[in-house]
**Student:** 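I'd like to ask you about the structure that follows.
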Amino acid sequence: MSTKIDETSYFAPQVSKSDRKIAVQYRRMFTFGGLAKRLPAGPVLDVGCGAGPGLRYIRSRGATAIGADPSIYALREAAKLIQVDLVQMDAAPRFPFADQTFGMVLANEVIEHVPDGVEFLLECARVLKPSGMVFLTTPNLWDIRRVLAPLVGKVWSGDTDPTHINLYTPWRLRQDLKTAGFQQPRIKTGFKPIRWLPPHRNPLAIPYPPLIGNGMVATGVR
């Protein structure tokens, strides 16, 4: 990340999150992306792993995981929480791994931080084994909350992070996956249900309509 941030505050929610909350969050995300029952064969590379919540979930599912992040601070915190191989690297332009090393690349809320999404996806494809899968999440520029948030005096979540420099629409993300050579690109939006609209304390979870949901899960096969 090129923008200066307070890393202690930035990664604090990841460090403090319990295994139970991580399991709920990632189980929902992976189920939404079609990976509820089985992960692709082979080791998983968690690009932008931060303090390791994704690594903790992947390991809980019995898969081998390697974490990579540009932040030394985040990697040190991850090392306190889980024993896996960790690599300090930027998400662009080139990963320090050999071709066809991984069965899956996980990039949870990463692509919006890199200046060239196609370049990033090409690297994901390079390090994936044949039939390997990229699994990524990112904010959705068509999120209905982007329109509604200012009306209730809030800032849309995609605009709260100054390191977000490459935000996507579902259409553009699908095109970039295709350009990078991924087959069967699959985009779903709204993997978190509506909970903040009035009445705010209503526990009922309401799914978003297609395309205007509050975040995207995308997959592609090498």
**Student:** Under the side-chain contact (heavy atoms from CB on, under 4.5 Å) rule, collect the residues that match up with Thr8, sequence neighbours excluded.
**Tutor:** Asp6, Tyr73
**Student:** From Gln183 CD over to Leu177 CG, what is the distance, rounded to the nearest 0.5 angstrom?
**Tutor:** 11.0 Å
**Student:** For the atom pair OH (Tyr168) and CG (Asn140), what is the distance rounded to the nearest 0.5 Å?
**Tutor:** 13.0 Å
**Student:** Can you sort out the partners of Arg126 under side-chain hydrogen bond (donor to acceptor under 3.5 Å, both in side chains), two or more places apart, ordered by chain and number?
**Tutor:**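 In terms of side-chain hydrogen bond (donor to acceptor under 3.5 Å, both in side chains), with neighbours along the sequence ignored, Arg126 is linked to Asp99, Glu123.
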**Student:** Distance-only, no hydrogens or angles: does the Asn166 side chain make a donor-acceptor pair with backbone N or O of Val114 under 3.5 Å?
**Tutor:**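 Yes; at least one donor-acceptor contact below 3.5 Å.
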**Student:** Indicate, with yes or no, if Val127 and Met89 share a hydrophobic cluster defined by side-chain heavy-atom contacts under 4.5 Å among Ile, Leu, Val, Met, Phe, Trp and Tyr.
**Tutor:**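 In one cluster: yes.
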**Student:** Does anything in residues 102-121 form a salt bridge (Lys or Arg N to Asp or Glu O under 4.0 Å)? List the pairs, not counting sequence neighbours.
**Tutor:** none
**Student:** What's the separation between atom CG in Asp161 and atom CD1 in Ile5, rounded to the nearest 0.5 Å?
**Tutor:** 7.0 Å
**Student:** Of the non-hydrogen atoms in Pro43 and Lys129, which two are nearest, and what is the gap between them?
**Tutor:**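 Closest approach of Pro43 to Lys129: CD-NZ, 4.0 Å.
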**Student:** Rounded to the nearest 0.5 Å, what separation is found between the CZ atom of Phe95 and the CZ atom of Phe120?
**Tutor:**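 The CZ atom of Phe95 sits 4.5 Å away from the CZ atom of Phe120.
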**Student:** Find out if a path of hydrophobic residues (ILVMFWY) with successive side-chain heavy-atom gaps under 4.5 Å connects Val134 to Val110.
**Tutor:** yes
**Student:** Could you see if Ile66 belongs to whatever hydrophobic cluster contains Leu136? Use Ile, Leu, Val, Met, Phe, Trp, Tyr and a side-chain cutoff under 4.5 Å.
**Tutor:** yes
**Student:** Only pairs under 3.5 Å count here: list side-chain donor-acceptor contacts from residues 51-63, not counting sequence neighbours, and write none if there are none.
**Tutor:**
| from | atom 1 | to | atom 2 | distance (Å) |
| --- | --- | --- | --- | --- |
| Arg56 | NE | Asp19 | OD1 | 3.2 |
| Arg56 | NH1 | Lys17 | O | 3.4 |
| Arg56 | NH2 | Lys17 | O | 3.0 |
| Arg56 | NH2 | Asp19 | OD1 | 2.6 |
| Tyr57 | OH | Arg61 | NH1 | 3.3 |
| Arg59 | NH1 | Gln83 | O | 2.7 |
| Ser60 | OG | Tyr57 | O | 2.5 |
| Arg61 | NH1 | Leu35 | O | 2.8 |
| Arg61 | NH2 | Leu35 | O | 3.1 |
| Arg61 | NH2 | Ala36 | O | 3.3 |

**Student:** Distance-only check: which donor-acceptor pairs under 3.5 Å involve side-chain atoms of residues 211-222, not counting sequence neighbours?
**Tutor:**
| from | atom 1 | to | atom 2 | distance (Å) |
| --- | --- | --- | --- | --- |
| Arg222 | NE | Ala125 | O | 2.7 |
| Arg222 | NE | Leu128 | O | 3.0 |

**Student:** Just so I know, are the side chains of Ser71 and Tyr10 near enough to count as touching, which here means a heavy-atom distance under 4.5 Å?
**Tutor:**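 When only atoms from C-beta onward are counted, Tyr10 and Ser71 do not touch, as no gap falls below 4.5 Å.
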**Student:** Drop me the distance from Gln25's CD to Phe30's CZ, to the nearest 0.5 angstrom.
**Tutor:**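 Between atom CD of Gln25 and atom CZ of Phe30 there are 10.0 Å.
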**Student:** Show the nearest heavy-atom pair for residues Pro115 and Ile165, with the distance to one decimal.
**Tutor:**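 Pro115 and Ile165 have their closest heavy atoms at N-CD1, 3.8 Å.
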**Student:** Which pair of non-hydrogen atoms, one from Pro40 and one from Met133, has the smallest distance, and what is that distance?
**Tutor:**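 The answer is CG-CB, 3.9 Å.
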**Student:** Asp159: which residues meet the side-chain contact (heavy atoms from CB on, under 4.5 Å) condition with it, sequence neighbours left out?
**Tutor:** Val155, Trp156, Leu167
**Student:** Just do the side chain to side chain contact (heavy atoms under 4.5 Å, CB included) check on Thr179 and Leu121 with the steps written out, would you?
**Tutor:** CA-CA 9 Å; Thr179 300; Leu121 291 171; over 6 Å; no
**Student:** Of all the heavy-atom pairs spanning Gly50 and Ala78, show the shortest one and how long it is.
**Tutor:**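 Heavy atoms of Gly50 and Ala78 come nearest at O-CB, 3.9 Å.
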**Student:** Minimum heavy-atom separation for Val87 to Pro96, with atom names?
**Tutor:** CG1-CG, 4.1 Å
**Student:** Mark yes or no for whether Thr160, through its side chain, and Ser157, through its backbone, hold a donor-acceptor pair below 3.5 Å.
**Tutor:**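 Present.
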**Student:** If you take all heavy atoms of Leu86 and Cys49, which pair is closest and at what distance?
**Tutor:** CD2-SG, 4.4 Å
**Student:** Check for me, please, whether Phe97 and Val47 land in the same ILVMFWY cluster - side-chain distances under 4.5 Å, paths through other members count.
**Tutor:** yes
**Student:** Please assess Tyr208 against Ile144 for the test side chain to side chain contact (heavy atoms under 4.5 Å, CB included), listing each intermediate value before the final yes or no.
**Tutor:** CA-CA 9 Å; Tyr208 283 94; Ile144 187 62; 3.7 Å; yes
**Student:** Assigning hydrophobic clusters by single linkage (Ile, Leu, Val, Met, Phe, Trp, Tyr; side-chain heavy-atom cutoff under 4.5 Å), is Ile111 placed with Val105?
**Tutor:** yes
**Student:** Kindly compute the distance separating OG1 (Thr169) from CG (Leu141), expressed to the nearest 0.5 Å.
**Tutor:**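 Interatomic distance, Thr169 OG1 to Leu141 CG, rounded to 0.5 Å: 6.5 Å.
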**Student:** For Phe32 and Met29, run side chain to side chain contact (heavy atoms under 4.5 Å, CB included): C-alpha distance rounded to whole Å, both residues' side-chain angles, the deciding distance at 0.1 Å, then the answer.
**Tutor:** CA-CA 5 Å; Phe32 207 74; Met29 188 170 74; 5.7 Å; no
**Student:** When you look at CZ of Arg172, are more than 12 heavy atoms from neighbouring residues, nucleotides or ligands closer to it than 6.0 Å?
**Tutor:**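 Yes, CZ of Arg172 has more than 12 neighbouring heavy atoms, counting only those of other groups under 6.0 Å.
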